Amino acid sequence: MSALAHVPTGQSTAPSPPPAARSGRYRFLPYLLLLPGAAWLFLFFALPLLQLAAASLYDPTGSLATGYAMTWAVSNYPEALQAYWPQFSRSFLYAGIALVLALLMGYPLAYAIAQKAGRWKNLLLVCVVAPMFTSFLVRTLAWKTILSDNGWVVGLLRDIHLLGPDGRLLATPVAVILGLTYNFLPFLVLPLYASLERLDYRLLEAASDLYASPVQTFRKVTLPLSMPGLIAGTLLFFIPATGDYINAELLGTPNEYMIGNVIDSAFLVRLDYPQGAALSFLLMAAILAVVFVYLRKAGTEEVL
């Protein structure tokens, strides 16, 4: 009777379930939340990837009219690489040069927005993102107009004698690299900004108080602390730039075609599905190898 006297009116006297029971009841909830995304990836990424892998091993003598036979033709891979290795090397060369240019422009820009922009920060971020509001194709066509033989850029370069009277920028490697740099620059700037925006300015002041020069402060403090954003930004820039084909198609000639142009032609023009699939897997393998080596190297430098 005395024990019941201490129970508030209207409150249940039933014991609450133990913590183990409560945790067991919701044990599978995280997996249920992951189920829609996992199903999406399986249906629209894993299955098409398996189909592409199968297509890369089809009989190369087949066609859409006669059908393709699964002959496990592994020879499709070395034959495709032997036929189009210049486009492979050109893709990585153009993407690498564009990445260097993007770093030279993007890192100071991201630092200025994150640390020096003040009340103009949001406006400058909008300026970085604003080109993404329009189509990738429209942005590339705009560069075709800017770099045209009758445009002001070529006219200015001719006036200051950096180009000859018949010199041009359009339909050259320079135009393709500039297009890659411009189109993918926001993918580099935004992750860098996210890392630099969290940079504690007091650390820079401490380095200055310890008589570190600006170059030493950047190398010992700013760069290591911004390394996560730098790694993410370079990967987000380099991977799509390597597989791009729009810039080479619109701003270059067949002499500037990258491996993306060859894959596009194999699937949509020549209808050579085995070769197109083999080239796609070779490109993925090459990019994964470069990314793996880069991450290992970047991780080692970050530790040091």
Side-chain angles (χ1 to χ4, degrees), residues 49 52-53 55-57 60 73-106 136-137 139-140 143-144 147 167-185 187-188 230-298 300-301:
L49 194 65
L52 190 67
S56 68
L57 300 174
V74 182
S75 59
N76 289 338
Y77 286 89
E79 290 175 359
L81 184 60
Q82 183 179 7
Y84 296 107
W85 68 265
Q87 285 81 1
F88 262 105
S89 58
R90 189 179 299 131
S91 297
F92 285 91
L93 177 64
Y94 286 1
I97 297 174
L99 177 59
V100 172
L101 293 176
L103 283 172
L104 293 176
M105 293 185 293
F136 187 94
L137 185 62
R139 298 199 306 269
T140 309
W143 270 94
K144 188 173 183 178
L147 300 178
R168 60 186 323 216
L169 292 177
L170 196 62
T172 65
V174 174
V176 178
I177 292 171
L178 289 177
L180 291 173
T181 304
Y182 168 76
N183 279 307
F184 297 108
L185 183 62
F187 296 106
L188 176 68
L230 181 63
I231 293 175
T234 51
L235 292 180
L236 288 174
F237 183 100
F238 182 79
I239 292 174
T242 305
D244 179 72
Y245 66 96
I246 296 295
N247 287 278
E249 181 74 29
L250 297 180
L251 303 179
T253 67
N255 293 328
E256 287 79 42
Y257 276 4
M258 301 164 67
I259 194 61
N261 301 94
V262 179
I263 294 173
D264 173 70
S265 176
F267 279 114
L268 301 180
V269 179
R270 294 182 284 110
L271 303 180
D272 191 347
Y273 287 6
Q275 187 182 79
L279 288 170
S280 299
F281 267 90
L282 286 172
L283 178 61
M284 284 189 287
I287 289 177
L288 285 175
V290 171
V291 169
F292 177 77
V293 173
Y294 172 69
L295 290 178
R296 288 289 299 271
K297 181 69 174 175
T300 303
E301 291 182 351

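The shown structure was predicted, so the numbers you read here are calculated from the model rather than taken from an experiment. Side chains are part of it too, since the values below use all heavy atoms of this structure and drop only hydrogens, waters and symmetry mates.
One finds the CD1 atom of Ile239 at 8.0 Å from the CG atom of Leu288 (value rounded to the nearest 0.5 Å). Annotation: the span from Leu230 atom CG to Thr234 atom OG1 amounts to 5.5 Å, rounded to 0.5 Å. Atom CG of residue Leu81 and atom OH of residue Tyr84 lie 12.0 Å apart, to the nearest 0.5 angstrom. Note that CD1 of Ile177 and CG of Leu251 are 11.5 Å apart. Values are rounded to the nearest 0.5 Å. From Asn183, atom CG reaches atom CG of Asp244 across 7.0 Å, with rounding to the nearest 0.5 Å. Here Tyr294 contributes atom OH and Arg296 contributes atom CZ; the two are 15.0 Å apart, rounded to the nearest 0.5 Å.
Taking the side chain as every heavy atom from C-beta outward, Met258 and Asn261 approach each other to under 4.5 Å.
Residues Asn255 and Arg90 approach most closely at O-CZ, 3.2 Å, considering heavy atoms. The nearest pair of heavy atoms linking Thr242 to Ile259 is O-CG2, 4.2 Å. Nearest heavy atoms, Ser56 versus Ala53: OG-O, 2.6 Å. For the residue pair Glu256 and Val176, the shortest heavy atom distance occurs at CB-CG2, 4.0 Å. The heavy-atom pair separating Thr140 from Leu250 by the smallest distance is CG2-CD1, 3.8 Å. The shortest heavy-atom contact between Ala98 and Leu180 is CB-CB, 3.9 Å.
For Phe187, the side-chain contact (heavy atoms from CB on, under 4.5 Å) partners are Met132, Phe184, Leu236, not counting sequence neighbours.
Annotation: Tyr245, atom OH; neighbour count of heavy atoms from other residues, nucleotides and ligands within 6.0 Å does not exceed 12.
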Donor-acceptor pairs under 3.5 Å, side chain of residues 272-285 to any protein atom, not counting sequence neighbours: which ones?
residue : atom : partner : partner atom : Å
Asp272  : OD1  : Gln275  : N            : 3.4
Gln275  : OE1  : Arg270  : NH1          : 2.9
Gln275  : OE1  : Arg270  : NH2          : 3.1
Ser280  : OG   : Gly276  : O            : 2.8

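Of the N and O atoms on the side chains of Ser265 and Tyr257, not one donor lies less than 3.5 Å from an acceptor on the other residue.
Checking side-chain atoms of Thr181 against main-chain N and O of Leu101 turns up no donor-acceptor pair under 3.5 Å. Not a single donor-acceptor pair under 3.5 Å links the side chain of Glu79 to the backbone N or O of Asn76.
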**Study point:** CA sep, side-chain torsions, deciding dist, call: Phe92, Ile287, side-chain contact (heavy atoms from CB on, under 4.5 Å)
**Key:** CA-CA 9 Å; Phe92 285 91; Ile287 289 177; 4.1 Å; yes

